[in-house]
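Okay, structure first, notes after.
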Protein chains: 2
Amino acid sequence: MPKQVDVRERRTLIADALMRVAAAQGLEAVSVRHVAAAAGVSVGMVQHYFRTKDEMMVFALDVVRDRNQTRVTAALSALGPDPQPRVMLRTLLVTILPLDEQSRADGLVALAFLAYTAVRPAGVKSDDTAQMLGFIASLLPDPDAAVGVLALMEGLGMYVLGGQYTAEQALTALDAQLDLLF
Amino acid sequence: MPKQVDVRERRTLIADALMRVAAAQGLEAVSVRHVAAAAGVSVGMVQHYFRTKDEMMVFALDVVRDRNQTRVTAALSALGPDPQPRVMLRTLLVTILPLDEQSRADGLVALAFLAYTAVRPAGVKSDDTAQMLGFIASLLPDPDAAVGVLALMEGLGMYVLGGQYTAEQALTALDAQLDLLF
DNA sequence: CGCTTTAAAATACGATCGTATTGCAAAACC
DNA sequence: GGTTTTGCAATACGATCGTATTTTAAAGCG
């Protein structure tokens, strides 16, 4: 057999290409052929690592989520020991907001997938929302406010992605909310 | 020539079918043929009223927006004369949230279109955001809080659509925010 | 009434889709 | 070192896509 290959790495390579296509031309432009071309590989190779297109999509969605998770934990651990809850929360929220170019691309992909999975029967979506909610609640004076905080961040992200809000507007609104809650 | 026909009505008939397809199977399932079948008409007729698929999509998006607008003004005018700002604002927000089945379908369509237009070059999106923002600001003690209120509502709507939040959770978070602001 | 215009259907066309199938070369294994 | 397994490419297949073209029939108008 040919040289042993890192399956996860190959899959990620393809998923990255998928996300580039999705961010640039939308999820509807994501086809096996386009993704293969964007990755610089053959259609057959994509098929080798993903039996179906849906399998590929689900994997790519997982990659986006993992990346977000990684960004968040990195930003949080960069805060040093024993940061104030408010600082931690703000860091978390700002990290997830699509403010720079890379996280903007991720956000576009996540948005496209959101619309994609909203209709799917089930099984695809995981519940990182619940755990995020719990974490936010642990940082707030009033844990019940977590639902609103998460929703506010999501909404700000949407409007930033859509171009209706600037990054500054989003940050201002976020800080105003934190002022209210702390 | 055949009987004169109400063009707008025919277009709306087709757009309604489009939205039914999009709400049930996602925007990717929206094809000229599917829409025609869902509307119970021929492909040729769809082509007669929309020269391209994109033209059809843009029209459908406009219909969704108009319907939302209509719902809001109806709900507001049902409040009677001189309602309190807080009541007006709450009515506005609750009306837009996808809490019942019909507005949920509209919300799904709007979400799908959001992902669709986020990538499109330009021209498609209108700026009803700005006018909504102004209206909300006029109802708030602190007009600057409008940005956050609108984003919160959008985020709540997303999570309700995605099934992560229940309608009750969304309403509770909304009222909590109004308590903070008034 | 006959001509013309137009709503609507039917069909055709080439491109692209997801996926199945087949072929082949390279390396791991006995 | 031959055999077998596996990574990957190539290609084929039928379905579906958006759209162009052609036909049919009905009704407005002189």
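All chains are named by letter (A, B, ...) in the order of the sequence lines, taking the proteins before the strands, and each is independently numbered beginning at 1.
Y116(A) and E28(B) are not linked by any side-chain donor-acceptor pair at a separation below 3.5 angstrom, with hydrogens and angles left out of the test. Side chains of S103(A) and D100(A): a donor on one and an acceptor on the other come within 3.5 Å.
For Q47(B) against dA8(C), no side-chain N or O and base N or O form a donor-acceptor pair under 3.5 Å.
Here V30(B) lies in heavy-atom contact (under 4.0 Å) with sugar-phosphate atoms only. Among the atoms of the strands shown, none is found under 4.0 Å from any heavy atom of V7(A). When heavy atoms are screened at a 4.0 angstrom cut-off, R33(B) is found touching base atoms of the nucleic acid.
For Y49(B) and dT19(D), the OH to P distance is 19 Å, given to the nearest whole Å. Straight-line distance from the CG atom of L18(B) to the P atom of dC17(D): 13 Å, rounded to whole Å. When the P atom of dG18(C) is taken as reference, atom CG of L27(A) falls 12 Å away, rounded to whole Å. Between the CD1 atom of I14(A) and the C1' atom of dC8(D) there is a distance of 11 Å, rounded to whole Å. Atoms CE (M57(A)) and P (dC17(C)) sit 13 Å apart, rounded to a whole Å. The distance from atom CD of E28(A) to atom P of dT16(D) is 19 Å, rounded to the nearest whole Å. Taking atom CG of residue L13(B) and atom C1' of nucleotide dA8(C), one finds them 14 Å apart after rounding to whole Å. With rounding to whole Å, D54(A) atom CG is found 13 Å from dT19(C) atom C1'.
Under a 3.5 Å cut-off, the side chain of R11(B) and the backbone N or O of F59(B) do not form any donor-acceptor pair.
At most 12 non-hydrogen atoms from other residues, nucleotides or ligands lie less than 6.0 angstrom from CD of Q84(B).
Here the side chain of K53(B) is nearest to one of dC8(D), dA9(C), dG18(D), namely dG18(D).
Mapped onto DNA chain D by nearest heavy atom, H48(A) and V43(A) fall at different nucleotides, with H48(A) at the one closer to the 5' end.
Residue S31(A) places at least one side-chain N or O closer than 4.0 Å to OP1 or OP2 of dC17(C). Using a 4.0 Å cut-off, some side-chain N or O of H34(A) falls inside it from OP1 or OP2 of dC17(C).
By the criterion of side-chain heavy atoms lying less than 4.5 angstrom apart, applied directly or through intervening Ile, Leu, Val, Met, Phe, Trp or Tyr residues, V46(A) is grouped together with V109(A) in one hydrophobic cluster.
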